[in-house]
Amino acid sequence: QVQLVESGGGLVQAGNSLRLSCAASGRTFSIYTMGWFRQAPGKEREFVAAVTRSDYTTIYGDSMKGRFTISRDNAKNTLYLQMSNLKPEDTAVYYCAAKDPSKSSIYNTAWGSYDSWGRGTQVTVSS
């Protein structure tokens, strides 16, 4: 399995931007489809975005389109999430996750389709 560690969370005002990072170690990062999820208190874990391992196809949750950008640097074993025009409803713990593309398509956005998870980083957006 790959080990994942998120960073970059914090407290920001609405309308501002934040970039999250996810550092991977262990197995080869470049073989995995990578995703971001988030979970707010009392709510289910929600799909944010995902990116394929080599052609960098990306998909997004509906409420993130146009505001969030997922990217990856396979040479640095790092996944990113650039978040812009943040809203108070974006407040959540953000998790990065990895899955084997031979077992599950990027278009399967269920959190259960991902095999490895980080511990999360808190993002709080104040109004």
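This one's a predicted model, so the numbers in the text were calculated from it and none came from an experiment. Side-chain atoms are counted along with the backbone in the values below, which use heavy atoms only and exclude waters and symmetry mates.
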Least distance between heavy atoms, [X] atom then [Y] atom:
X: Arg72; Y: Ser30; result: NH2-CA, 3.8 Å
X: Thr121; Y: Gly9; result: OG1-N, 3.2 Å
X: Phe29; Y: Asn74; result: CE2-OD1, 3.2 Å
X: Gly61; Y: Phe47; result: N-CE2, 3.7 Å
X: Val12; Y: Leu86; result: CG2-CD1, 3.6 Å
X: Ala40; Y: Thr91; result: CB-O, 3.7 Å

### Task
Among Leu20, Leu79, Val48, find the residue that satisfies the side-chain contact (heavy atoms from CB on, under 4.5 Å) test when tested with Ile70.
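Of all the options given, the one that passes is Leu79.
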So, [X] side chain and [Y] main chain: donor-acceptor pair closer than 3.5 Å or not?
X: Gln3; Y: Gln1; answer: yes
X: Arg45; Y: Tyr95; answer: no
X: Glu6; Y: Cys96; answer: yes
X: Trp36; Y: Tyr80; answer: yes

### Message
Between Tyr32 and Arg53, do the side chains contain a donor N or O and an acceptor N or O under 3.5 Å apart?
### Response
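On atom types as modelled, these side chains do not qualify, holding no pair under 3.5 Å.
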To the nearest 0.5 Å, what is the distance between [atom1] on [X] and [atom2] on [Y]?
X: Gln13; Y: Ser127; atom1: CD; atom2: OG; value: 9.0 Å
X: Arg19; Y: Met83; atom1: CZ; atom2: CE; value: 11.5 Å
X: Ser84; Y: Asn16; atom1: OG; atom2: CG; value: 10.0 Å
X: Thr58; Y: Lys65; atom1: OG1; atom2: NZ; value: 10.5 Å
X: Leu81; Y: Ser21; atom1: CG; atom2: OG; value: 9.5 Å
X: Asp115; Y: Asp100; atom1: CG; atom2: CG; value: 7.0 Å

Test of understanding: clusters of I, L, V, M, F, W, Y form through side-chain heavy atoms closer than 4.5 Å, transitively. Do [X] and [Y] belong to the same one?
X: Leu18; Y: Val5; answer: no
X: Phe37; Y: Val93; answer: yes
X: Tyr60; Y: Val123; answer: yes
X: Tyr107; Y: Val51; answer: no
X: Val2; Y: Ile31; answer: yes

### Task
Determine the interplanar angle of the Tyr94 and Phe68 rings, folded into 0 to 90°, and report it as parallel if under 30°, tilted if 30 to 60°, perpendicular if over 60°.
tilted
### Message
Can you tell me if Trp111 has over 12 outside heavy atoms packed within less than 6.0 Å of its CH2?
### Response
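Count not over threshold, so no.
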### Query
Would Arg67 and Asp90 pass as an ion pair if we require N to O under 4.0 Å?
yes
### Task
Give the intermediate values and the outcome of side-chain contact (heavy atoms from CB on, under 4.5 Å) for residues Lys99 and Asn108.
CA-CA 11 Å; Lys99 66 177 175 180; Asn108 180 354; 3.9 Å; yes
### Query
Can you check whether Ser63 reaches Glu46 side chain to side chain, under 4.5 Å on heavy atoms?
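Side chain of Ser63 against side chain of Glu46, heavy atoms only: contact under 4.5 Å found.
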